[in-house]
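For this chain, numbers begin at 1 and follow the sequence in order. The shown structure was predicted, so the numbers you read here are calculated from the model rather than taken from an experiment.
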Amino acid sequence: MAQDPICGMDVDEQDAKTIKRDGKRYYFCSDKCKDKFIQGQEKSSQQEKNEKQVESKEQQYTCPMHPEIEQDHPGECPKCGMTLEPKNAVAEESGEKKEIKKLARKFWIGLVLGLPVVFLALEEMIPTLKFGFISHKTSSWIQLILATPVIFWSGGFFYTKAWKSIVNRSLNMFTLIAMGVGAAYFYSAAAVLFPHIFPESLKMTGKLGLYFEAGVVITVLVILGQYLEARARAQAGQAIKALLGLAAKKAHKVTSSGEEEVDVDQVQKGDLLRVRPGEKVPLDGVITEGKSTIDESMISGEPVPVEKKEGDRVIGATVNQTGTFVMRTEKIGSETLLSQIVHMVADAQRSRAPIQGMADKVAGVFVPIVLVVAVVTFVIWSLWGPQPALAYALVNAIAVLIIACPCALGLATPMSIMVGVGRGAQAGILIKNAEALEKTEKITHVLTDKTGTLTEGKPRVTAIETAEGVEEKDLLFIAGSLEQSSEHPLARAVLDYAKEKNADFKDVEDFDSVTGGGVKGKINAKDVYLGKGKFIAGFAGELPEALQGKAEAMQENAQTVVWVAQEKKVLGILGISDPIKKTTMEAIKELHALGLKVIMLTGDNQKTAQAIAKELNIDDVRAELEPKDKQEIVKELTGKGALVMMAGDGINDAPALAQAEVGVAMGTGTDVAIESAGITLVKGDLNGIVKAIKLSRSVMGNIRQNLFFAFIYNALGVPVAAGILYPFIGLLLNPMIAGSAMSFSSVSVIGNALRLRSAKL
């Protein structure tokens, strides 16, 4: 007897359906189980193949400072020498940990071996300090033995990266470090091993000066700077890791046979999932049964739970609060909003801001200039410096090379971008690239759509007026029946209102929708109409004056008016309004406080638009627009020198979003709008625009501060290291102090960038 691998039944091997796979024979009770097994094997094989393809595709490595550098294996950036990071946000954490641990190990070993070297060098550096228990020769040999592993094991990667920079003709900070430390070490090593080859002019008090301590201290300081930098990059990526950690791991799948707990990655589109109070929503989908309140703060930044009912969309990784509901899965894997956020944030953190190009150009010119300054310094000191002239020349040239390292210059922009984009993600502001973030700072005009951006995007009937002799139920009977078949956005509002009033409905014969006018049909063999005033007047004749006056009053109160008629008689009007979001008024005040002009663009009628604009104190309004009109307005303002930010949520907004200097899509809107925009607000709220502008200004201000820190150390340090103050006050910069100053500039940049994590938006 054998066991069916699908249903578990015992089967007679003689009567069984069989198949041979991987050298093993399987037995089945029926062709049905056999087919299931074959499909499962093929699916498993294909899934494994897809996973390998995805893994191969995603495991690309890039430089955090030069995102255009990409390769399919770990290594160093040929431009700046930095360790390449995996682009895959999931794989990044393990790579970061390895890099941090490796640098920590190199730092501590270098520190332990380097401290005795510095201690022994103190006797030469401080003439009044005499140890007496160890000879100069023994001290020299101990320094050589201890300094060698520090410089060539702990700091060995300096020289590898420096060599690559020379081969790739892209001189960088490691070029200067390797030359400075290398010169100090090899000079000192030669002085210990072959002291007889040096002229007397190099000797101080009859001894050759040794600079092992300078090479050791500089090496340890640079490694410390690299360690802090790696830690800072890891902290800057915490927003991604936090988002990844929010994803649900399990789901309760509802099937015809009951309910079972499965891994989230086993859920397919269309599967029904039950979500209980306190559980995370497994994936993106729509509620098909039940209602609840859901905490969506992880993607919107807003702490207030959102009420959800049947038909409402829910987002994976948000937390269900009060009720139990069943949802239909619509998006899985990389399609979910959480996955899209993770990839968008990761891509944006590695993108380049235009301002970084300036820093790159400066660094590209700066390194060759420093090399020239170092050579000139050596020549001047060796020819005109005090005795021993060559010793002074060597020390000052090394100090120039060390203090001029432009590592802080390279860090200035990418560190701020990484932290700033992560901060934005935590507040529900998704930035597509660094260029959009930089441009946002300079915006002068904010153009915003009305429906779904300023308003809730959920219109409802807020007023009803009937003609003389007409009852409300008769008006709603006609309106509700007609709107049953309509696909117009306002139809849902009319239909919902009619249902609330318990109106009767009837199927409409000869139904027809007239674009830009309204709908018409037949009920009980009578012609019925619903739509704009002009549309109704074309069938029912002149509109009653009393209703016209009331219609104008409705429009002045920001209501859209729908007329209803039967045969030649007007039955009445419905006033439909789209409530303004509670946050809109305050957001517009803040935009004005930021010095921006706000213009509303809408397809609604002029009176309704003007009423809303007046209520919100909007600077300008353009109404009754088509999609192409919005794009033309963006062009018009741009032509006058304005820097335009366009905010919208629909397909009709996509052309204007793409045309604007910065496009802002509401995350509640269409995929087309989101693709056209440089910034996406997870929550469709004008407050998000205020936050995005504040974030941009904070990040760009932070970058300028970083560039100042990077330039000021080099600008002041290089001349001092070259000895420009020596003739006046006798000041020289020891290479160890130069190394400390260089590292401190990097630490200043890193610390300043990390302040953005707590920026108030």
Side-chain angles (χ1 to χ4, degrees), residues 450-451 455 457-467 470-501 503-578 602-609 611 623-627 629 650-652:
K450 177 177 73 71
T451 307
T455 64
K458 297 176 181 178
R460 57 176 181 262
V461 175
T462 50
I464 182 170
E465 295 287 346
T466 59
V470 178
E471 293 188 18
E472 184 177 304
K473 66 176 183 177
D474 295 329
L475 171 66
L476 292 177
F477 167 70
I478 301 296
S481 298
L482 277 168
E483 295 290 43
Q484 280 186 114
S485 304
S486 175
E487 295 180 354
H488 193 276
L490 299 181
R492 171 58 61 182
V494 174
L495 199 57
D496 287 345
Y497 183 79
K499 287 179 179 178
E500 286 176 16
K501 297 295 183 179
D504 295 325
F505 300 137
K506 191 172 184 178
D507 289 339
V508 178
E509 298 175 358
D510 300 333
F511 178 84
D512 185 27
S513 176
V514 180
T515 303
V519 293
K520 61 179 182 176
K522 286 183 180 293
I523 299 178
N524 297 329
K526 293 182 178 180
D527 292 325
V528 289
Y529 312 95
L530 180 148
K532 293 180 178 180
K534 288 182 180 179
F535 175 75
I536 298 298
F539 297 100
E542 189 175 347
L543 302 176
E545 288 186 13
L547 286 179
Q548 286 189 53
K550 290 176 180 178
E552 288 178 5
M554 287 181 182
Q555 289 176 341
E556 288 172 0
N557 287 321
Q559 294 177 332
T560 299
V561 177
V562 174
W563 293 74
V564 182
Q566 179 176 297
E567 296 291 338
K568 294 291 183 179
K569 182 179 181 181
V570 174
L571 302 180
I573 54 177
L574 297 167
I576 302 174
S577 63
D578 186 3
T602 179
D604 211 339
N605 69 77
Q606 187 70 35
K607 285 188 177 180
T608 302
E624 301 178 18
L625 301 176
E626 295 181 8
D629 296 329
I651 293 174
N652 62 323

Given side chains that start at C-beta, do those of Val508 and Gln484 come closer than 4.5 Å, heavy atoms only?
no
Measure the CG-OG1 distance between Leu574 and Thr560 for me, rounded to the nearest 0.5 Å.
11.5 Å
More than 12 foreign heavy atoms under 6.0 Å from CG of Asp512: is that the case here?
yes
Answer whether the closest heavy-atom distance between the side chains of Val570 and Ile536 falls below 4.5 Å.
yes
Among pairs that include at least one residue of residues 539-569, which meet ring pair (Phe, Tyr, Trp, His ring centres under 6.0 Å), considering only residues two or more places apart or in two chains?
Tyr529-Phe539, Phe535-Phe539
Of Lys506, Gln566, Glu509, which meets side-chain hydrogen bond (donor to acceptor under 3.5 Å, both in side chains) against Asn524?
Lys506
Locate the shortest heavy-atom distance separating Gly572 from Leu547; write the atom from each residue and the value.
CA-CD1, 4.0 Å
Inter-residue atom distance Lys550.NZ - Glu545.CD, 0.5 Å rounding
13.0 Å
Looking at every non-hydrogen atom in both residues, tell me the closest pair between Thr602 and Ala609 and how far apart they are.
CG2-CB, 3.7 Å
Got a second to check how far Glu500's CD is from Leu495's CG, nearest 0.5 Å?
10.5 Å
Indicate yes or no for a side-chain donor-acceptor contact from Gln548 to the backbone of Leu543 under 3.5 Å, with no hydrogens or angles considered.
yes
Give me the atom names and distance for the closest heavy-atom approach of Ser481 to Phe477.
OG-O, 2.7 Å
For Ala525 and Glu567 the tightest heavy-atom approach is O-OE2, 4.3 Å
Heavy atoms, side chains only, cut-off 4.5 Å: are Arg460 and Asp496 in contact?
no
For Val461 against Ala493, the heavy-atom pair lying closest together:
CG2-O, 3.7 Å
Test Leu476 against Ile464 for side-chain contact (heavy atoms from CB on, under 4.5 Å), laying out the working first.
CA-CA 10 Å; Leu476 292 177; Ile464 182 170; 3.9 Å; yes
What is the distance from atom CG of Leu530 to atom CD of Glu483, rounded to the nearest 0.5 Å?
4.5 Å
Side-chain donor/acceptor of Gln559 to backbone N/O of Ile576, under 3.5 Å:
no
Going from CG on Asp510 to NZ on Lys520, what distance comes out if it is rounded to the nearest 0.5 angstrom?
9.5 Å
With Leu571, the side-chain contact (heavy atoms from CB on, under 4.5 Å) member among Asp474, Val564, Val528
Val564
Can you give me the closest heavy-atom contact between Val561 and Ala551, atom names plus distance?
CG2-O, 3.5 Å
Rounded to the nearest 0.5 Å, the CZ atom of Phe505 sits from the CG atom of Leu482 at a distance of 11.0 Å
